[in-house]
Amino acid sequence: MFSLLFLTMLAMTTVNALPFRRFQTRVDAAGDLTPSTASENATAGCSQASSWQFDDTNHANITMGDRSFLVHIPANYDPTTPHALVVSFHGFKANAKKQEKISGLSERGLRLNGKGIVAVYPDGQFGPGKNGNESIRAWQGAPYSPPGVDDIAFTQQMVQQLSDNLCLDSNRFYASGKSNGGGFTNLLACTPATASLFAAFAPVSPALYAGANPADCNPGRPVPIINFHGLADKIIPFGGQDADRKGRTEYATPNITEYREAWANRNGCADITAKQAAAGDNLGFNAKVSHPHTDTTLKESACSASNLQAVVNGFTVKELGHSWPSTLGLDGGVTTFNATTANIMPFFDAHTLG
Ligand SMILES: *[C@@H]1O[C@H](CO)[C@@H](O)[C@H](O)[C@H]1NC(C)=O
Ligand SMILES: *[C@@H]1O[C@H](CO)[C@@H](O)[C@H](O)[C@H]1NC(C)=O
Ligand SMILES: *[C@@H]1O[C@H](CO)[C@@H](O)[C@H](O)[C@H]1NC(C)=O
Ligand SMILES: *[C@@H]1O[C@H](CO)[C@@H](O)[C@H](O)[C@H]1NC(C)=O
Ligand SMILES: *[C@@H]1O[C@H](CO)[C@@H](O)[C@H](O)[C@H]1NC(C)=O
C-alpha cells in the first residue's frame, strides 16, 4: 500500500516537474491531496466491444445526433482496465480542438489512479452570439446560449455513450471547462443529476452568468470544486459586474471571492469557529491560505476532518487575464505553472465517487 502510494506520488511529481520535496510539502499542507483509495466501478464498455475507431494520434470524433465530441485515449489505453474520464468544455466561440490545446488534457503522462486518462472535448451548439445576429458555439447558461438546447441532457447522453464504448471507472468522472464552458461546468456541479455523475469540477475563469450559477444551486451533496481566476481578467472581472459595458444586466457575474464562499457554505465548510471570529478572521469560511506558485494565492476551504471531500480550492492569479493558466501561454496568459498538471490532476486524483 505504502509503496503504491509512493509510486503514484513519484509519477505525479515527474508529470508536474516539481521538486519532490515541494510536492510533498504541499500534500502535507493541503491535507486533501492524497490520491483516493476508493474502489473502481467499471463501466459496460469494459466488457463489450466498441465500434469506435481511433486514428494514429489516438483521437476519435464521435457524432451523436446533431452533436459531436472529440475523444482522446491515452497511449497505454487498455480496453479491459477502467480509466478515469475528464470532460472539458470549451469557451464561447471556441471548439473541441481549441479546448484540447489550451487545457493540455491530452498531453502524454497525465494519470489518475495511476493510469492514463480518457479526455473528452464536446462541441457546443451554435447560438446567436452576443449581438443576437451571429452563429457562434456556446454552452447553456449564458445570455448567448443557443435557445432550447439542453446541454445537461446532452452531457448525460454523451457520458452514457462513453461508458458503453470505453472501459471507464464511473467513480472517476470529472468535469472541467473554460469561460462559458467553465460556467457550464459550474451548472453541472449545481445540478443534482450531474453533481452525482462527476466526482469533482474544475471551472477555469468561469463565466458565471445567472443561468450558469443559479441562486437555487442545490447539488444534493458536497461538491469538490477547484477554481482558477485571474485578477487581470477583463472579460469576466474577478470582482464581478452588475452589467457588461453595454449596460446589459443579463451579463452580471458574481464577485469570485463570494462565489467561492458560496460553494464553501453549500458544502458545509462554513463552520467559522468562535475563535477565528474573535481573532478577526473574516475570510468568510474556514480557509487555509498559501502561495503555491509565483503571484498565486490559494484559498482552500477547510471542512471538518469527517468532511474532507467537501473542499473548495480557489486559485487567484495576480497578472492573469481571461486564460487557462499554462507555462506555454497556450491560452494567452503565461503563468509559472500549468493548472492542469500542477493542480487539477492532483485535485481530481484526491476526489472520487463511491
Ligand atoms: C467533429 O465532427 C463534427 C460534426 O461533423 C464537426 O463539426 C467537428 O468539426 C469535428 N471535429 C473535429 C475535431 O474534427
Ligand atoms: C505545461 O503544459 C504543456 C502542455 O500543455 C507542456 O508542454 C509543458 O511542458 C508543461 N510545463 C510544465 C512545467 O509542466
Ligand atoms: C450584428 O449586430 C451588430 C450590432 O447590432 C453589428 O455591429 C454587426 O455588424 C452585426 N453582425 C452581422 C453579422 O450582421
Ligand atoms: C469581493 O468580495 C470580497 C468578500 O466579500 C470583498 O472583500 C471584496 O472587496 C469584493 N471585491 C469587489 C471588487 O467588490
Ligand atoms: C457503480 O456505478 C453504478 C452506475 O454507474 C452505480 O449504480 C453503482 O452504485 C456504482 N457502484 C459502486 C460500488 O460505486
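In what follows, residues are counted from 1 in the order of the sequence shown. Atoms within each ligand, like the ligands themselves, are counted from 1 in listed order.
Classification of the Phe348-Tyr174 ring pair by plane angle, with boundaries at 30° and 60°, yields parallel.
For ligand 4, the polar-atom distance check finds no N/O of Glu261 at less than 3.5 Å from any of the ligand's N/O atoms. Close N/O approach between Thr257 and ligand 4 is not found [any backbone or side-chain N/O within under 3.5 Å].
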Identify all N/O pairs between ligand 1 and the protein with a separation under 3.5 Å and present them as a table of atom names and distances.
residue	atom	partner	partner atom	Å
ligand 1	2 (O)	Asn61	ND2	2.3
ligand 1	11 (N)	Asn61	ND2	2.9
ligand 1	14 (O)	Asn61	ND2	3.3

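For residues 89-98, the salt bridge (Lys or Arg N to Asp or Glu O under 4.0 Å) pairs, not counting sequence neighbours, are Lys97-Glu100. Contacts classified as ring pair (Phe, Tyr, Trp, His ring centres under 6.0 Å) and involving residues 212-231 (residues at least two apart or in different chains) are given here: Phe228-Phe315, His229-Phe238.
Under the salt bridge (charged side-chain N to carboxylate O under 4.0 Å, His left out) criterion, Arg67 pairs with Asp151, not counting sequence neighbours.
Listed by atom number, the atoms of ligand 4 under 4.0 Å from Gly239 heavy atoms are 13 (C). Interface atoms of ligand 4 facing Glu258, defined by a heavy-atom separation under 4.0 Å, are 2 (O), 4 (C), 5 (O).
Residues Asp295 and Thr336 form no side-chain contact, since every pair of their non-hydrogen atoms from C-beta on lies 4.5 Å or further apart.
In this structure, Arg260 is not positioned above the aromatic face of Trp263 in the sense of NZ or CZ being under 6.0 Å from the six-membered ring centre and within 45° of the axis.
No donor-acceptor contact under 3.5 angstrom links the side chains of Asn338 and Thr340, judged on distance only.
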